[in-house]
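Treat the numbers as computed from the prediction; the structure is a model and nothing was measured.
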Amino acid sequence: MRAVRANETTEAATTPGRGPGPADSGAPGEPPLTALAPRRVADRLPRPWRSRVLGRVGASAVKVVRMSELPVAEESHASAEALLVLDGVLALEVRGEPVDVRAGELFLVPAGAPHRVRPGSAGTLVIVEEEPER
């Protein structure tokens with residue numbers, strides 16, 4: 001099994017899906033208020049471990065990823081990141097320790113902590129991480 005790298009470029013979500021009821025038009029120049037469907041967006045991604053930006057909160061990007069059984073190479077970030085598993089399981093190794101994050105669980109990776117995805121992950125993952133706007 002070969003390791004894959006987490007993508008460094010992300011794509012903006014263009015049609016995330018709407019929640020029940022009509023969308024509010026919002027203030028002039030602002031996008032309409034809509035509910036997002038992260039699982040639906042993840043299902044349309046061209047390949048696993050390719051993220052799509054759902055939106056931004058301050059300097060952080062909220063991304064969705066479709067996981068696969070393939071491992072992802074070790075990385076670390078200057079800022080902490082939040083990993084929320086919507087369905088399935090995320091098999092991590094953080095600072096050399098195995099960590100399984102299951103559906104409905106949130107894991108906070110500390111800033112600077114080396115972490116990688118072990119083989120065996122599957123499902124839908126939401127990532128919130130600091131990322132400068134492009």
Side-chain angles (χ1 to χ4, degrees):
M1 214 179 275
R2 74 174 182 81
V4 294
R5 270 183 61 118
N7 74 310
E8 294 173 1
T9 57
T10 57
E11 304 167 12
T14 54
T15 54
R18 300 169 87 117
D24 183 276
S25 62
E30 290 184 9
L33 302 175
T34 60
L36 299 174
R39 286 185 186 124
R40 195 168 22 213
V41 173
D43 288 343
R44 291 194 308 255
L45 289 171
R47 63 181 191 258
W49 298 116
R50 179 81 183 211
S51 67
R52 169 100 16 124
V53 174
L54 298 175
R56 297 188 180 280
V57 179
S60 294
V62 179
K63 303 175 183 180
V64 66
V65 175
R66 180 168 39 93
M67 297 183 282
S68 79
E69 71 283 350
L70 294 176
V72 177
E74 185 176 271
E75 60 185 12
S76 63
H77 310 281
S79 299
E81 69 179 328
L83 306 173
L84 173 64
V85 177
L86 296 182
D87 58 74
V89 64
L90 172 61
L92 283 176
E93 183 177 292
V94 181
R95 294 182 179 144
E97 296 292 324
V99 177
D100 289 334
V101 187
R102 303 193 182 287
E105 295 181 337
L106 173 73
F107 185 81
L108 299 175
V109 179
H115 58 285
R116 70 178 186 90
V117 177
R118 301 182 342 255
S121 297
T124 309
L125 174 65
V126 171
I127 301 171
V128 180
E129 65 183 348
E130 189 172 75
E131 179 181 87
E133 285 195 52
R134 298 172 194 237

* **Test item: Arg52 side-chain N/O and Val41 main-chain N/O as donor-acceptor pair under 3.5 Å** => no

* Is it possible for you to say whether Leu84 and Val89 belong to one hydrophobic cluster, with membership spreading through side-chain heavy-atom contacts below 4.5 Å? => no

* Main-chain N/O of Thr124 paired to Asp87 side chain as donor or acceptor, under 3.5 Å -> yes

* **Close side-chain approach of Leu36 and Val62, heavy atoms under 4.5 Å** => no

I'd like a table of donor-acceptor pairs (distance under 3.5 Å, sequence neighbours excluded) in which one partner is a side-chain atom from residues 96-114, with atom names and distances.
from: Asp100; atom 1: OD1; to: Arg118; atom 2: NH2; distance (Å): 3.0
from: Glu105; atom 1: OE1; to: Arg102; atom 2: N; distance (Å): 2.8

* So which heavy atom on Leu70 is nearest to which on Val117, and how close? -> O-CG1, 4.4 Å

* Do the side chains of Lys63 and Glu129 get nearer than 4.5 Å, heavy atoms only? -> yes

* Structure fact -> For Val72 and Arg116 the tightest heavy-atom approach is O-CB, 3.4 Å

* To do: Enter the distance from Ser79:OG to Glu131:CD here, rounded to the nearest 0.5 Å.
  => 11.5 Å

* Any donor-acceptor pair under 3.5 Å linking the side chain of Ser51 with the backbone of Val65? -> no

* **Spatial distance of atom NE2 (His115) from atom CD (Glu75) [nearest 0.5 Å]** => 4.0 Å

* Could you walk me through whether Val128 and Val57 pass side chain to side chain contact (heavy atoms under 4.5 Å, CB included), step by step? => CA-CA 9 Å; Val128 180; Val57 179; 5.9 Å; no

* Asked: Between Arg66 (side chain) and Ala42 (backbone), is there a donor-acceptor pair under 3.5 Å?
  -> yes

* Determine the minimum heavy-atom distance between Pro119 and Ala91, stating which atoms define it. => O-CB, 4.0 Å

